Q: 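My questions all concern the structure below.
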Amino acid sequence: FEGPTEVAADDSANCTLRMQIRTNVDGTSSGWSDWQPFTCDIYTAVMVRMRLIAVRPDDSYNVRIKRFHTNIIVPRRSNVEQGPTELHSRNELF
C-alpha cells in the first residue's frame, strides 16, 4: 500500500485500505467462509474471492484504486488424487 500508515501528531486521520479474502471449500453456494483479513498464507479452497475495503475519515477524501492484482499458485496433484470434477475445475479461473 502506498502512503503513510500512521497518523502524525499534527495531522488528521488517514484513509485506510484493507484486503479481505473468503474461500469456498466445496464449490457450493453454502460453502463460502466469512470475509476475513488477508494474510500471506496457505489456503485450501475450490474458489477464492478477494476484496479491498477503503475507509476515509470524511467525504473530502478521494480514494482511487487503479489496479488490484493477485497471484495464486495452485500446486498440481496427480490424477489419482482428484476426481473428474476437480480436474475440470482446475482449468477455470475465478
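Note that the structure is a prediction, hence the values are computed from the model and not measured. All values below come from the heavy atoms of this structure, side chains included, with hydrogens, waters and symmetry mates left out.
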Q: Does the side chain of Q20 reach to within under 4.5 Å of the side chain of F38, using non-hydrogen atoms?
A: no
Q: Under the salt bridge (charged side-chain N to carboxylate O under 4.0 Å, His left out) rule, what pairs show up with a residue in residues 44-63, not counting sequence neighbours?
A: R56-D59
Q: Are V63 and M50 connected in a single hydrophobic cluster, I mean Ile/Leu/Val/Met/Phe/Trp/Tyr linked by side-chain heavy atoms less than 4.5 Å apart?
A: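 Yes, M50 and V63 fall within the same hydrophobic cluster.
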Q: Atom CZ in R18, atom CD1 in I53: separation rounded to 0.5 Å?
A: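 If we round to the nearest 0.5 Å, R18:CZ and I53:CD1 are 5.0 Å apart.
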Q: Is there a chain of hydrophobic side chains (I, L, V, M, F, W, Y, each step under 4.5 Å between heavy atoms) that links I65 to W35?
A: no
Q: Are F68 and Y43 in one and the same hydrophobic cluster, where Ile, Leu, Val, Met, Phe, Trp and Tyr link if side-chain heavy atoms are under 4.5 Å apart?
A: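 Both belong to a single hydrophobic cluster.
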Q: Is the shortest side-chain heavy-atom distance between V46 and D26 below 4.5 Å?
A: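 Contact flag for V46/D26 side chains = no.
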Q: Would you say the side-chain atoms of S33 pair up with the backbone N or O of T23, donor to acceptor, closer than 3.5 Å?
A: yes
Q: Working to the nearest 0.5 angstrom, can you tell me the gap between T39 OG1 and M19 CE?
A: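 Rounded to the nearest 0.5 Å, the OG1-CE separation comes to 9.0 Å.
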Q: Within the 4.5 Å heavy-atom criterion, are V48 and I21 side-chain neighbours or not?
A: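 The answer is yes, as the side chains (C-beta and beyond) meet within the 4.5 Å cut-off.
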